[in-house]
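Working notes for the structure below.
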Amino acid sequence: MRRAGLPAGEMIAVAMAGRPITRWLALALIPVSVAYALAATAVAARHGELTTYAGRSGLAAVAELAAGLALFAVGFAAWLSARWHPTGPIAVAAAFAWFAPDWIGWESGPPGVRVAALAAGGVTAAAVVHLALGAPTGRPSSAPARAVVALTWAATAAIGAGRALLYDPLADPGCVTWCATNPLLAHGDRALARALDWADLGVAALATAAVVVLGGPRLAHASRALRASLAPIVLPAAIFLGAWTARAATLAFSPGDDPRRVVLAASFAVRAVALFAFAAGFCWALSGAARRAHAVRRLAREHIGDPAAESFETALIRATGDTSLRVIYPRREGDFWIDSEGRPVDPPERRPDRALAAILRQGLPVAAVAHDPATLDAPALEREIGTAARLGLDNERLHAEAQAQLRELETSRARIIELGDAERRRLERDLHDGAQQRLVGLSVALRIAQSAVDERGDPRAAARLRAADAGVQRAIRELRELAHGIHPVELSEEGLEAAVETLGDFAPVSIRVVALPAERLPAAVETAAYVVVDEAVRRASGRSSPATIEIAGRRANGAFLLDVRDPGEASADRVLADLADASDRVTALEGRLSVATDDRGVRITAELPCA
Amino acid sequence: MRVVVADDAMLIREGLTRLLRDAGVTVVAKASDADELMRHVALGRPDVAVVDIRMPPGHSDEGILAAERIRTEHPNVGVLLLSQYVNPRYAMRLFEQHPRRTGYLLKERISDIAVLVDALDRISDGECVLDPTIVAQLLKRPEAEQALSVLSAREREVLALMAEGHSNPGISEKLVLSKKTVESHVRQIFAKLGLPDTPGQDRRVLAVLKYLRG
C-alpha cells in the first residue's frame with residue numbers, strides 16, 4: 001500500500017528503518033528451514049537406515065525433528081522480536097547444524113553436501129555454549145564468558161575446516177556414516193584426523209566445564225526474576241554439552257562414528273531431549289520478557305490515573321519482578337542524580353550486568369531506570385513509557401528536586417549553626433584562658449605594687465591601687481559571666497547533664513533534673529537540647545511566680561527525647577514564640593520541637609535524631 | 001609552710017610565687033604542666049600544691065586529674081585548685097574522692113593573699129576549702145532559700161561557713177562564738193534541715209553542698 005505523496009524510494013527507506021533488512025531475511029528463512037528439516041528427516045529415513053540415528057529408529061527421527069524445529073521456532077521468534085539481538089541468528093544456525101548427521105549419512109548423496117555437513121557438525125554445540133553464557137540476549141555479560149564463547153567458536157571453526165580438508169573416509173577403517181570420496185580432501189592424514197577427534201574432545205570438555213563454572217554462580221547470584229528465566233536455559237545447555245562431550249570422548253578413545261553404538265545413540269537421544277528443553281527454556285524467557293514489557297506498557301498507562309498511589313519505581317519493580325530496579329532523577333543544575341527522596345546517588349553507568357533506560361520528555365531527561373538487563377530491555381522500557389507516564393515521571397522528578405533542595409537547605413543550616421557554635425566555644429576559651437588570665441595577672445601585679453607602696457608608706461597611692469584592683473576584680477567577674485553566657489564550658493567538657501546541673505546551680509528558678517543520660521551525645525544534639533532547656537529556664541526566670549522546671553531526657557529509637565515541664569506557664573503559643581533559637585536548632589537537626597499544655601502547665605518536647 | 005605552684009601562665013605563676021614569698025610561705029618549686037608538677041611534688045615534699053585547673057596539653061580538667069593523683073599518691077600533700085569557673089561540680093568531684101586536705105578557690109582570690117594563706121593553712125591542717133562565691137551562689141538558689149528559711153540568720157551564717165569547709169573551731173573563731181555555741185548551732189541546723197546525724201568533719205562539707213544543690 002502506497003502512501004500518498006511519498007516516493008517509493010523513500011517508502012522503502014522508511015520500511016527499512018522500521019524493519020531492518022535482517023527481519024526480511026528471517027521471514028524468508030522460515031519456510032526454507034521447515035523444508036530443510038523435513039528434507040533432512042526424509043533423507044535419513046530413506047538413505048540413512050544404517051548411517052543415521054534418525055534413519056535407524058522412528059523415535060529418534062521424531063526427537064531430532066522436534067528438537068530442530070523447536071530451535072528454529074525460538075530462533076525466528078527471537079530474531080523477529082521487537083529488539084534485534086544475536087540470539088535469533090545463532091539459534092537458527094544451531095538448528096541448521098543440528099541436522100548435519102542426516103546429511104553426512106546420506107548414502108550415495110552428493111559428496112559436497114556430506115563434507116559440508118561434516119564441517120558444520122560442531123556448530124550446534126558451539127551455539128549452545130554461546131547462548132547459555134549469553135542468555136537471554138546472546139551477549140555474554142562477563143569477560144571470561146566472552147572469552148570462552150570466542151574460543152569455542154574459533155576452535156569449532158578450526159576443527160570443522162580441518163575435518164573437511166584432512167579427513168579421508170576411504171582411509172578410515174572404522175568409517176560407517178560416510179565411506180565415500182571427500183571432494184575437499186587436501187591431505188589425507190589419518191593421524192591428523194585422529195588428532196582432530198582429540199581436539200574436539202578437549203574443546204567439548206572445556207566448554208562444558210566453562211558453562212557449569214560460569215553459569216552456576218550466575219544462577220546462584222541472580223535475582224529471582226533472572227533466575228527464573230536463566231535456569232531453564234542453562235540447565236538443558238549443560239546436559240546437552242555433557243552428552244556432546246561423552247560423544248567426543250567415545251570417538252576419541254575408540255574411533256568409528258557408528259549410530260549403532262549404544263553410547264553414541266544414547267548421547268544423541270540425550271542431546272535431542274536437552275536441545276528441545278533448551279529451546280523451550282528460551283521460549284519461556286522470551287515470553288517472560290514480553291509479559292514484562294506488556295506489564296510495563298499497562299503500568300505506563302495506568303500509573304498516571306493515580307499518581308499518588310505508589311512511586312514509579314515501586315510500580316516498575318512490581319511489574320517486572322526486578323528488585324534491583326531503581327528510578328533516579330537528573331538534577332537540572334549540574335551533573336547530579338538523586339533518588340525520589342532527593343538523596344544524592346551515584347551517576348548511572350552503563351555496565352554489561354546493568355541496563356539503563358533514559359526517559360526523555362520534550363528532549364530533556366526526566367529520569368533514568370537502572371535495571372537488570374535480563375528482565376527487561378532498556379530500549380523496550382524507553383519505548384513503552386508513553387507521554388502521559390513521562391509527565392508523571394517529570395512530576396516525580398520535580399518532587400525529588402524539591403526534596404533535594406530542602407535537604408541542602410537543612411544541611412547548610414545545620415552547618416551554619418555548627419560553625420557558630422564552634423566560634424562561640426573558641427570565644428569562650430579565649431575569654432577564659434586569655435583575657436581572664438591576664439586580668440588575674442594584672443590583679444596580682446597590682447597587689448605586689450600595693451605592698452611595695454605600703455612599705456614606703458604612701459596611703460593615697462595604696463588606696464588608688466586598691467581601687468584599681470577592685471575594678472579588675474569586678475572586670476574578672478563580669479568577664480566570667482559573659483563567657484559563660486557565650487558558651488557553658490561544662491557542655492563541651494562534661495556534657496548535657498553537667499551543663500544542665502550547672503545551669504540549675506545559678507538559675508533564679510529551681511530546676512529538677514528527672515533524668516538525663518550520663519553518656520555523651522553528638523555535640524550538635526547536646527547543644528540543641530541545652531538551648532531548649534536554657535531558653536525555657538530563661539523565660540521562666542522572668543516570671544514572679546516560682547515554679548520548678550522539670551527536665552527529663554532519654555534516648556529512644558535513634559533519637560534523643562527531651563521533655564521540659566514548666567508548671568508556671570499556661571500558654572503554649574507564648575512559650576513557642578520565646579523558643580526561637582531552640583526551635584531553629586532543633587529543626588536544623590531535622591528534629592521536632594513541640595509545646596503542649598495540660599493540667600500540669602506546658603510541656604516542651606524536643607525530638608532530636610541521634611544515631 | 002612549703003608549697004609547689006603549678007600554672008601554665010607565667011605571669012600568674014611568678015606573681016603568685018612573689019606574693020606567697022612576701023607572706024612568708026616557702027615556694028619550693030614552680031611547674032607549668034601536670035607532669036612537672038608531679039615531679040616537684042614527689043621531690044619537694046610540699047605541704048600543699050597550688051594547682052591551676054586548666055593546664056596543657058588539653059586545657060580542660062588536667063588540674064583536677066593531677067590533684068586526684070597527688071592526693072592518692074602523696075596523702076600528706078594537700079591540693080588547692082585554682083579555677084576560673086564558678087563550678088561546684090568540679091569542687092564536689094574533688095571532695096567526693098578526697099574530703100581532706102583539698103580546696104577549690106576562684107583564681108582571682110590569689111591577689112587577696114590573706115585569703116590564700118588562710119586556705120593553705122586550713123588545707124595543711126586537714127580541712128577542705130570551698131570558695132565563698134560558690135557557696136553564696138548555692139545559697140541564692142530558690143530551693144535553697146526556701147529550705148533555709150527555717151534557719152535563723154546566725155544559723156545560716158554557720159551553714160555557709162560549714163559549706164566553705166570551716167571546722168567548728170574555725171567557725172567559732174570567725175564568728176567570735178564559743179565552741180559550744182557553734183556545736184549547738186550545727187546540731188540545730190542538721191535537725192531543722194532534716195539531715196541525718198551530724199556527719200564527721202570530713203563528710204560534712206559534701207553533705208551540706210549536696211543539700212544546697214537540691
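Predicted, not measured: the structure shown is a model, and the values here were computed from it. Numbered from 1 within each chain, the chains take letters A, B, ... in sequence-line order.
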Atom group of A:Ala483 that falls short of 4.5 Å from chain B, counting heavy atoms | neither
Side chain, backbone, both or neither: which part of B:Lys107 has a heavy atom under 4.5 Å from chain A?
-> both
Side chains of A:Gln437 and B:Asp52: closer than 4.5 Å at any heavy-atom pair?
-> yes
Any donor and acceptor pair, going by atom type alone, linking the side chain of B:Arg141 with main-chain N or O of A:Ser510 inside 3.5 Å?
-> no
By a 4.5 Å heavy-atom criterion (distance strictly below it), what part of A:Arg438 contacts chain B: side chain, backbone, both, or neither?
-> backbone
Closest approach of B:Pro142 and A:Ala507, non-hydrogen atoms and distance?
-> CD-O, 3.6 Å
Neighbour count above 12 (heavy atom, 6.0 Å) for B:Glu145 CD = yes
Using non-hydrogen atoms and a 4.5 Å limit, figure out which bit of B:Leu16 sits close to chain A: side chain, backbone, both or neither.
-> backbone
Tell me, do A:His484 and B:Val86 make a side-chain contact under 4.5 Å, heavy atoms counted?
-> no
Should we count CZ of B:Arg21 as having more than 12 external heavy atoms under 6.0 Å?
-> yes
Report yes if some heavy atom in the side chain of B:Ile113 is under 4.5 Å from a heavy atom in the side chain of A:Arg447; otherwise report no.
-> no
Among the options A:Thr502, A:Asp469, A:Ile511, A:Ile448, pick out the one with the most heavy-atom pairs lying under 4.5 Å from chain B.
-> A:Ile448
Heavy-atom pairs under 4.5 Å with chain A, option from B:Ile134, B:Leu212, B:Asp112 with the top count | B:Asp112
Could you tell me whether the side chain of A:Ile476 reaches within less than 4.5 Å of the side chain of B:Gln84, counting heavy atoms only?
-> no
Here the gap from A:Leu442 atom CG to B:Ser111 atom OG, rounded to the nearest 0.5 Å, amounts to 10.0 Å
If we only count heavy atoms from C-beta on, is the A:Glu494 to B:Asn87 side-chain gap below 4.5 Å?
-> yes
Residues, nucleotides or ligands: over 12 heavy atoms within 6.0 Å of B:Glu173 CD = no
Measure the CG-CG distance between A:Asp505 and B:Leu209 for me, rounded to the nearest 0.5 Å.
-> 10.0 Å
Region of A:Glu490 in contact with chain B, defined by heavy-atom distances below 4.5 Å = side chain
CG of A:Asn557: more than 12 outside heavy atoms within 6.0 angstrom?
-> no
Should the heavy atoms of other residues, nucleotides or ligands under 6.0 Å from CZ of A:Arg520 be counted, would the total exceed 12?
-> yes
Electrostatic pair A:Glu501-B:Arg89, nearest N-O below 4.0 angstrom = yes
Take atom CZ in B:Arg69; do more than 12 heavy atoms of anything else shown fall under 6.0 Å from it?
-> no
Check each atom of A:Ala445 against the heavy atoms of chain B and say whether the ones under 4.5 Å are side chain, backbone, both or neither.
-> neither
A:Val444 versus B:Glu14: any side-chain heavy-atom pair under 4.5 Å?
-> no
Could you tell me whether a side-chain N or O of A:Gln473 sits under 3.5 Å from a main-chain N or O of B:Glu108, the two making a donor and an acceptor?
-> yes
